[in-house]
Number of protein chains: 2
Amino acid sequence: MVWLRNHPRFDRHVRPPVHPRLSRLRPALRARVAGLSVSGGRVGKRPVTLKDVAARAGVGAITVSRALREPAAVSAALRARIEQAVAELGYVANHAASSMAAGHSRIVPVVVPTLAHPVYVPFLDGVNAVLDEQGYQVLLGTTEYRQDREARLVEGLLGWAPAGLLLAGVDHTPALRVRLQALARTRPLVEFMDLDGEPIDLMVGFSHRAVGRAVADWFADRGFRHIAIVSTGAEHDLRAARRAQAFAEALAARGLRDDYILDGQGPSSIAGGGRLLAELLQRHPQVQAVFLANDDLAAGALFEAQRRGLRVPQDLALMGFNDAPIAAAVVPALSSVAVDRRGMGHTVATLLLERLAGATPQARVIDTGFSIVARASTDAPPRPTGDLT
Amino acid sequence: MVWLRNHPRFDRHVRPPVHPRLSRLRPALRARVAGLSVSGGRVGKRPVTLKDVAARAGVGAITVSRALREPAAVSAALRARIEQAVAELGYVANHAASSMAAGHSRIVPVVVPTLAHPVYVPFLDGVNAVLDEQGYQVLLGTTEYRQDREARLVEGLLGWAPAGLLLAGVDHTPALRVRLQALARTRPLVEFMDLDGEPIDLMVGFSHRAVGRAVADWFADRGFRHIAIVSTGAEHDLRAARRAQAFAEALAARGLRDDYILDGQGPSSIAGGGRLLAELLQRHPQVQAVFLANDDLAAGALFEAQRRGLRVPQDLALMGFNDAPIAAAVVPALSSVAVDRRGMGHTVATLLLERLAGATPQARVIDTGFSIVARASTDAPPRPTGDLT
DNA sequence: ATGAAAGCGCTAACAA
DNA sequence: TTGTTAGCGCTTTCAT
């Protein structure tokens, strides 16, 4: 067959011919007879089903089902026999079958904008830790900050008849919002990371507007008058945009200039922070303090300031956001806004589980708050600017 | 009913009484009749099924199924009518039903040790980007570096009849290994991040032993003789342990001291890097160069060195691992070993898809390699140590 | 190219 | 406490 070496068939998986006697069987069945296990079951044997366990234990299938799902509902004697049969046969439940029969699954999709931005990872980790513990599976989805992608993604995710749904943020397409409202009548839905919107069902997070306001006030209270806010990709990251807007409003309310706002393109990187600070200082050399949208940007700004011979905090105060490890690590250490993302994940997952257990939660909206961690990078009075405004 | 306020029932979700006429229906059916959609379908109407679409389009259910899965197999005319019906009815496929009927799902579990360690996140992101594109769903699992957890986790995951399986590393319990070998006969399985083991099916990554060797040789070639390696949690992180082992072997092969090995407890943090360097220098002040298990540790070591008045690289050379952004950002910039994690994720997912498409991959093992990125933190000859060995 | 029939493995309802 | 019955929505096979 050497002459066939370049034949396309050689690039494809060659399936062994099916025995004619078996050909009219469905694939899963056929695999059973042929001794191949597609999922679960003892190796080299046909997949073990609930029925097999039931037969082995000498009980009805439904009793096995119950013993596995609500052990308390089955007598201890039977339970023991069933557990033994499960172990002996290496039974693994078929989740698809149980989802179909029950009308819902133990899948919980978690939809976040991106994994590239490190804030969602601890959150995801926190959610996963709690849900995994309770036998739920996290299905991952990323929107890349696109509402249309979110809508499509969620649409597909609903096909799993999920136990609940966890969505980052409050900004959804109108069509999705309607869909979610209907969903929330039968399944818990938690919007997280953001409190600046009308909850569809449950909501856990903090107000990005409150953060913007708090940081603006914090600097203003300390006598700063030229206070800037810097971010990247705020046209997509609506939470960053809300921080910036509330920031500007708070400054305006105090009669301070509110137009030191810079939003750049590209990812939020240390290098980007340097570039943005350079751009900001070129336009507005009088700026005394900068609130950056995350700690990478802030660290980059710090390094750029040092390259320019600007002293931080004496010549320029910097504050980051997220309180990532890098904030405490650089010299001078960066002030930052701390949010417990992993804890938020825990809270979200716990709330979901409570709801699934049938409890009516205390509150539909949980504010997990934030705090301003003041470090060396803001530990000096504002530099005199010469103007008298 | 005020007197019932503290009754347990008030803490539970009160389900509306089921209409007796409906009570003998199954829950999913009942929801349909009651006008509630559990998954998919138009809001406020009963869930739309394939049958509904078929009826609307005036074709058989199977034709709709085909039109959705292999459009080419259906005539253009019918396809158009079907697509219109799908859109009009807002049909969302029930994945559980299709998984059950087909015997396998479009779920791909990705099992990683942890999300707390940032290296797995870009990988996961890369996998997700490719699989999402093709309509596959990533199911997330974390082992916390525990083989027993991995075995249990995978066991449960198999209940989804996944399209394939992606596992970090080559270190599995013997029982799981047997199970996976059986699985691999029907589903593609990719072990990733590590090449130091016998592949069960497919394998993508790089050799951590090769990394350890390469870094040891790199320092030795440049005249360093007291070369240390520092990590945390190597008893769990077997990849870090392999790097250390090969590192020591390479030094020994050159007649250099191979016992400057320090492994600490706790998470790999910047602060931890400082503590570990302090400990290392206390024990072995003669050390000239240190290879740290990641860039956070390396940055922490750098800051600790600076606190002690040690010049990097003149007094102490430092090299990190992963080439994270922080490595390039600190001053002096840290040398590091670069690995394209996101690209690895792409490669893994692509390989999986090829296999699912029936192709026989070129190779069962793909080495994605690594490179040593030399920066300022190693840019000086070794400090004289006075000894003559 | 399209359809009819069968059944994937499990669980809800009801009965015993 | 346990079993019987029916059926979840889809895809496979085989026939047309």
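Numbers restart at 1 for each chain; the letters A, B, ... are given by sequence-line order, proteins then strands.
Checking C:dG9, C:dA12, D:dC10 against the side-chain heavy atoms of A:A102 singles out C:dA12 as nearest. Side chain of A:A101, nearest nucleotide from D:dC10, C:dT2, C:dC10: C:dC10.
In this model, the phosphate group of D:dT11 is approached by a side-chain N or O of B:S65 to a distance below 4.0 Å at OP1 or OP2. Phosphate proximity of D:dG9 to B:Y91: absent, as no side-chain N or O sits under 4.0 Å from OP1 or OP2. Remark: A:S75 is in phosphate contact with D:dT2, judged by side-chain N or O atoms under 4.0 Å from OP1 or OP2. Put simply, A:R69 has a side-chain N or O that comes within less than 4.0 Å of OP1 or OP2 on C:dT11. Between A:T63 and the phosphate of D:dG3, there is a side-chain N or O to OP1/OP2 separation shorter than 4.0 Å.
Of the two residues near DNA chain D, B:I62 and B:A96, the one whose nearest nucleotide lies more 5' is B:A96. Remark on DNA chain D: of its neighbouring residues B:R66 and A:A97, the 5'-side contact belongs to A:A97, judged by nearest-heavy-atom nucleotide.
With rounding to whole Å, A:N94 atom CG is found 6 Å from C:dG9 atom C1'. Protein atom NE2 of A:H95 is 12 Å distant from nucleotide atom C1' of C:dC10, rounded to whole Å. In this entry the distance linking CZ of A:R106 with C1' of C:dC10 reads 15 Å, nearest Å. Between the NZ atom of B:K51 and the C1' atom of C:dA4 there is a distance of 12 Å, given to the nearest Å. Atom P of nucleotide D:dG9 and atom CH2 of A:W160 are separated by 16 Å, given to the nearest angstrom. We find that CG of A:L50 is positioned 17 Å from P of D:dT5, with the value rounded to whole Å. Remark: P of C:dT11 and NE2 of A:H104 are 10 Å apart, rounded to the nearest angstrom.
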Fill in: A:D132 and B:R152: CA distance, side-chain angles, deciding distance, salt bridge (charged side-chain N to carboxylate O under 4.0 Å, His left out) verdict
CA-CA 11 Å; A:D132 177 68; B:R152 255 201 318 276; over 6 Å; no
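Not a single donor-acceptor pair under 3.5 Å links the side chain of A:R106 to the backbone N or O of A:Q137. The backbone N or O of B:K51 sits less than 3.5 Å from a side-chain atom of B:T49, completing a donor-acceptor pair.
One distance of note links CD of A:E150 with CD of A:E155; it measures 11.0 Å at 0.5 Å rounding.
Heavy-atom contacts from other residues, nucleotides or ligands closer than 6.0 Å to CZ of B:R146 number 12 or fewer.
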